[in-house]
Amino acid sequence: MPLFDVPGWSMPADPVSEAGSRKRKRPISDAGSETQSRIHSAEINLEKLVKKLTGNRDVGDARTNAAPHSKPKPRRKTKKSQPTAEVDKESISLPMPLMKASDRATKKTKRSHDSRPPDSEERPERSSKDLDSSSGLTGMQKNMKQKLEGARFRMLNQTLYESKSEDAQRMMQEDPTVYTEYHSGFRQQVLSWPTNPADHYVETLSSYHVNTIVADLGCGDAAIARALIPKGISVLSFDLVSHSPYVVEADICGTLPLPGSEGTEGSLSEGEAHIVDIVVFSLSLMSTNWPKSIREAWRILKPNGELKIAEVTSRFRNLENFVSLVSSIGFKLKSKDERNSHFTLFEFRKVPRGFKTSKEWDIIFSKADTLKPCEYKRRCASK
Ligand SMILES: C[S@@+](CC[C@H](N)C(=O)[O-])C[C@H]1O[C@@H](n2cnc3c(N)ncnc32)[C@H](O)[C@@H]1O
C-alpha cells in the first residue's frame with residue numbers, strides 16, 4: 001500500500017526497498033534509529049552549514065528534479081506512534097515542487113483553515129529571479145549565510161581580543177580557517193566605515209622619501225605594503241599568519257626578526273644597525289599582552305623614529321591613560337587625531353628611556369586593559 005497517493009507521483013510504503021523488490025517490511029525499530037541518526041546529522045556546526053549553503057546549492061534542486069520513486073529525503077515530522085502505513089497524507093510534507101499544482105492549491109486552502117503552524121520544512125518555490133546570479137543562492141540563503149559568517153567573525157574577534165598573543169597564534173596555526181574567516185569578516189566591517197586606517201596610512205606614507213623603511217605590525221592582508229612597495233617605499237609586514245609573500249609570520253608581542261636593542265638608550269649591539277624609520281599599528285593592538293608589541297616597536301625603531309597607531313575609538317577607557325602607558329615605554333606623543341567617527345590616530349616619537357627592572361615592566365604590562373576589546377556590532381561598524 002502506498003504511503004500516500006498523489007496522482008502522477010506515488011511513494012512506495014517501503015522507500016528503502018524500492019525499485020520493485022519490496023521483499024521486506026521495514027521494522028518500526030529501524031525507523032527509530034533512523035530518526036536518531038537524522039537528529040544527529042541535524043546537529044551540524046556553523047562551518048558545515050555555511051559550506052552547505054555555498055557549496056551544495058543543489059540540495060533543493062536535486063529533490064525538485066528527483067524522478068518518481070527515487071528515494072525520498074528523510075522527513076522529520078513523521079508521527080512516531082503511528083504505524084508507518086497509516087500515516088496521514090497531510091503529516092508528510094513534500095517539497096512543494098514535487099506536488100501537482102492542483103494539489104498545492106488544495107493544500108493551501110486546507111492550511112488556511114488549519115490552526116497548526118506552517119510546516120517548517122515546506123519549501124517555497126524558487127524562481128530564477130530569486131537566485132543571485134553570482135552566488136547561486138536565494139536572497140534568504142544569502143541572508144542566512146551572511147548572518148552565520150557575521151556570528152563566526154564576532155566570536156573569533158572576541159576570542160582574539162581576550163587571548164594572549166601566544167594563544168592567538170597557536171589557534172590560528174592549528175586551524176588556518178580562523179585567520180581567513182576573521183579577515184573576511186573584518187573586511188566586511190570596515191567596508192561600512194567612511195574610511196579605514198590602512199587607506200589613511202597608504203595616503204600619508206605615499207608622500208615619504210623612497211628610502212623610508214616602514215614596519216607594519218599586525219598587517220592583516222598587507223594592504224599598506226601592496227600599495228607602497230610599487231612606489232619604492234619598503235614595507236616590512238608582520239602578522240600571526242602569513243598567507244601572502246608580503247607577510248612575515250611573527251608574534252609582534254614577541255621578538256621580531258629585525259635588529260634592535262634593549263639597551264637603556266636604545267644602543268645597538270656591535271655590528272647591528274636599526275633599519276626601521278616608522279612603525280605602524282593599524283587596529284592591531286589586539287592581544288591582552290599588546291604593550292609588549294609597543295616595547296618591540298621601540299626596540300626596532302631608529303632613534304627618533306615614528307610610531308603610528310590607529311585604534312577603534314570605542315576601545316579607549318581613558319585616552320590619557322593610553323598615552324601615558326605608551327609614553328612609559330619610551331615614546332613622546334606628537335599628535336592625536338580624533339576627527340574620525342570610528343578610529344583615533346596617534347603619532348609618537350621614540351625617545352631614550354632609562355633601564356627598567358622586570359618588576360617595572362610587569363607594572364606597565366598590567367595596564368593593558370586601558371584598551372577594551374573591540375566589539376563589532378551586528379551588520380554595522382563598531383562604535
Ligand atoms: C583588525 S586586523 C587589522 C589588519 C590591518 N592592520 C588593517 O588595518 O587592515 C588586526 C591584525 O592584527 C594581527 N595581530 C593581532 N595581534 C597580533 C600579534 N600578537 N602578532 C601578529 N599579528 C597580530 C591580527 O592577526 C590581524 O591581522
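Order of listing sets the numbers, starting from 1, for every ligand and every atom in it.
- Separation of atoms CG (L137) and NZ (K142) is listed at 7.5 Å; rounding is to 0.5 Å.
- In terms of protein heavy-atom proximity, atom 19 (N) of ligand 1 is nearest to D251 OD1, 2.9 Å.
- Ionic pairing of K359 and D362 is not present here: no N-O contact between side-chain nitrogen and carboxylate oxygen is shorter than 4.0 angstrom.
- Which parts of ligand 1 touch H183 is read off a 4.0 Å heavy-atom cut-off, strictly below it: atoms 26 (C), 27 (O).
- Judged purely by distance below 3.5 Å, without hydrogens or angles, the side chains of N157 and Q189 never pair a donor atom with an acceptor atom.
- Close contacts of ligand 1 with G218, meaning ligand atoms under 4.0 Å from a residue heavy atom, involve 4 (C), 5 (C), 6 (N), 11 (C), 12 (O), 13 (C), 22 (N).
- In this structure, C253 is part of the shell of residues with a heavy atom less than 4.0 angstrom from ligand 1.
- Ion pairing between a basic and an acidic side chain is recognised when a charged N comes within 4.0 Å of a carboxylate O; R154 and E149 show no such pairing.
- When only interatomic distances are considered, the shortest N/O to N/O separation between D239 and ligand 1 falls below 3.5 Å.
- Of all the heavy atoms of A250, the ones lying under 4.0 Å from any atom of ligand 1 belong exclusively to the backbone.
- N340 and T195 share a donor-acceptor pair across their side chains, judged by distance under 3.5 Å alone.
- Here the heavy atom of the protein found nearest to atom 22 (N) of ligand 1 is L240 N, 3.4 Å.
- With no hydrogens or angles considered, no side-chain donor-acceptor pair links S237 and D216 at under 3.5 Å.
- Using a non-hydrogen distance threshold of 4.0 Å, P197 does not register as a contact of ligand 1.
- Counting heavy atoms under 4.0 Å from ligand 1, residue A310 does not touch it at all.
- Using cut-offs of 30° and 60° for the angle between ring planes, the H183 and F186 rings count as perpendicular.
- Residue A168 places no heavy atom under 4.0 Å from ligand 1.
- Residue contact check: S165 has heavy atoms under 4.0 Å from atoms 19 (N) of ligand 1.
- Here the shortest heavy-atom distance to atom 3 (C) of ligand 1, taken over G220, S284, S282, belongs to S282.
- Remark: ligand 1 and A198 share no N or O pair separated by less than 3.5 Å (distance only, no angle test).
- Closest protein heavy atom to atom 5 (C) of ligand 1: C219 O, 3.4 Å.
- Nearest protein neighbour of atom 16 (N) of ligand 1, counting heavy atoms only, is S287 OG, 3.7 Å.
- Nearest non-hydrogen protein atom to atom 20 (N) of ligand 1 is I252 N, 3.0 Å.
- At a heavy-atom distance under 4.0 Å, no atom of W290 approaches ligand 1.
- Less than 4.0 angstrom separates some heavy atom of Y182 from each of these atoms of ligand 1: 1 (C).
- Note that the CE atom of M155 and the CD atom of E181 stand 8.5 Å from one another [nearest 0.5 Å].
- Each of K308, K334, K332 was checked for a side chain to side chain donor-acceptor pair (under 3.5 Å) with E347, and the lone residue meeting it is K308.
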Exercise for review: Might you work through the side chain to side chain donor-acceptor pair (under 3.5 Å) test for E306 and Y208, ending with a clear yes or no?
Suggested key: CA-CA 12 Å; E306 284 179 46; Y208 278 53; 3.0 Å; yes
Exercise for review: Would you check, one step at a time, whether the test side chain to side chain contact (heavy atoms under 4.5 Å, CB included) holds for D239 with E249?
Suggested key: CA-CA 5 Å; D239 208 292; E249 189 174 305; over 6 Å; no
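- In summary, the atoms of ligand 1 found under 4.0 Å from a heavy atom of L283, numbered by their order in the structure, are 1 (C), 10 (C).
- Residue Q169 places no heavy atom under 4.0 Å from ligand 1.
- No side-chain heavy atom of K367 sits less than 4.5 Å from a side-chain heavy atom of T370.
- In this structure, the protein non-hydrogen atom closest to atom 9 (O) of ligand 1 is F186 CE2, 3.5 Å.
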Review point. Side chain to side chain donor-acceptor pair (under 3.5 Å) between S165 and N289: does it pass, once the steps are laid out?
Key: CA-CA 7 Å; S165 58; N289 52 338; 2.9 Å; yes
